[in-house]
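Read the structure below first, then the notes.
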Amino acid sequence: MSDLLPPWVLALLVVALAVLLYGRRVLQPCPHCGRLVRRAHRGWLRCPHCHRQYHRSVRSQR
């Protein structure tokens, strides 16, 4: 497999996958406007774009 891809391409793919998985844990789409906002683990947060509150239990309204 090392003959197919240079080592730096393989390393770049691993880093991109790690960033994607981390981003899915930290960010979520706002249920009101759809922009990426910080994930609400507990309590209510306010979207910095549409200024509406959201909670992890609020389902997408788009």
Side-chain angles (χ1 to χ4, degrees):
M1 179 156 177
S2 63
D3 294 336
L4 298 176
L5 292 175
W8 63 271
V9 173
L10 189 58
L12 186 64
L13 290 174
V14 169
V15 169
L17 180 63
V19 167
L20 181 66
L21 291 175
Y22 180 73
R24 298 248 344 193
R25 287 185 51 192
V26 175
L27 301 174
Q28 75 179 43
C30 173
H32 307 291
C33 66
R35 293 189 179 188
L36 284 179
V37 292
R38 209 172 42 154
R39 183 171 296 279
H41 292 286
R42 65 177 205 208
W44 291 86
L45 295 178
R46 189 170 295 276
C47 174
H49 304 286
C50 67
H51 304 290
R52 294 179 70 181
Q53 287 184 327
Y54 65 95
H55 187 263
R56 67 178 177 194
S57 64
V58 176
R59 297 293 174 224
S60 179
Q61 299 177 2
R62 294 184 52 142

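Since the model is a prediction, treat every value here as computed from it, not as a measurement. We count residues from 1, following the sequence as given.
Note that the SG atom of Cys33 and the CZ atom of Arg52 stand 9.5 Å from one another [nearest 0.5 Å]. Here the straight-line distance linking atom CZ of Arg35 with atom NE2 of His49 works out to 5.0 Å at 0.5 Å rounding.
The heavy-atom pair separating Tyr54 from Cys47 by the smallest distance is CE2-N, 3.7 Å. Considering every non-hydrogen atom in both Gly43 and His55, the closest pair reads O-CD2, 2.6 Å. Val37 and Pro29 make their closest contact through CG2-C, 4.3 Å (heavy atoms, listed as atom of the first residue, atom of the second, distance).
Cluster membership check: Trp8 does not share its hydrophobic cluster with Val15, using side-chain heavy-atom separations under 4.5 Å among Ile, Leu, Val, Met, Phe, Trp and Tyr. Cluster annotation: Leu12 and Val14 are assigned to distinct hydrophobic clusters (Ile/Leu/Val/Met/Phe/Trp/Tyr, side-chain heavy-atom contacts under 4.5 Å, transitive).
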Discussion item. Set out, in order, the CA-CA distance, both residues' side-chain angles and the distance that settles side-chain contact (heavy atoms from CB on, under 4.5 Å) for Leu36 and Gln28, then state yes or no.
Written reply: CA-CA 6 Å; Leu36 284 179; Gln28 75 179 43; over 6 Å; no
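At distances below 3.5 Å, at least one donor-acceptor pair connects side-chain atoms of Arg39 with backbone N or O atoms of Arg24. At least one donor-acceptor pair under 3.5 Å links the side chain of Arg46 to the backbone N or O of His51. Side-chain atoms of His41 never come within 3.5 Å of backbone atoms of Val26 as a donor-acceptor pair (strictly under, hydrogens ignored).
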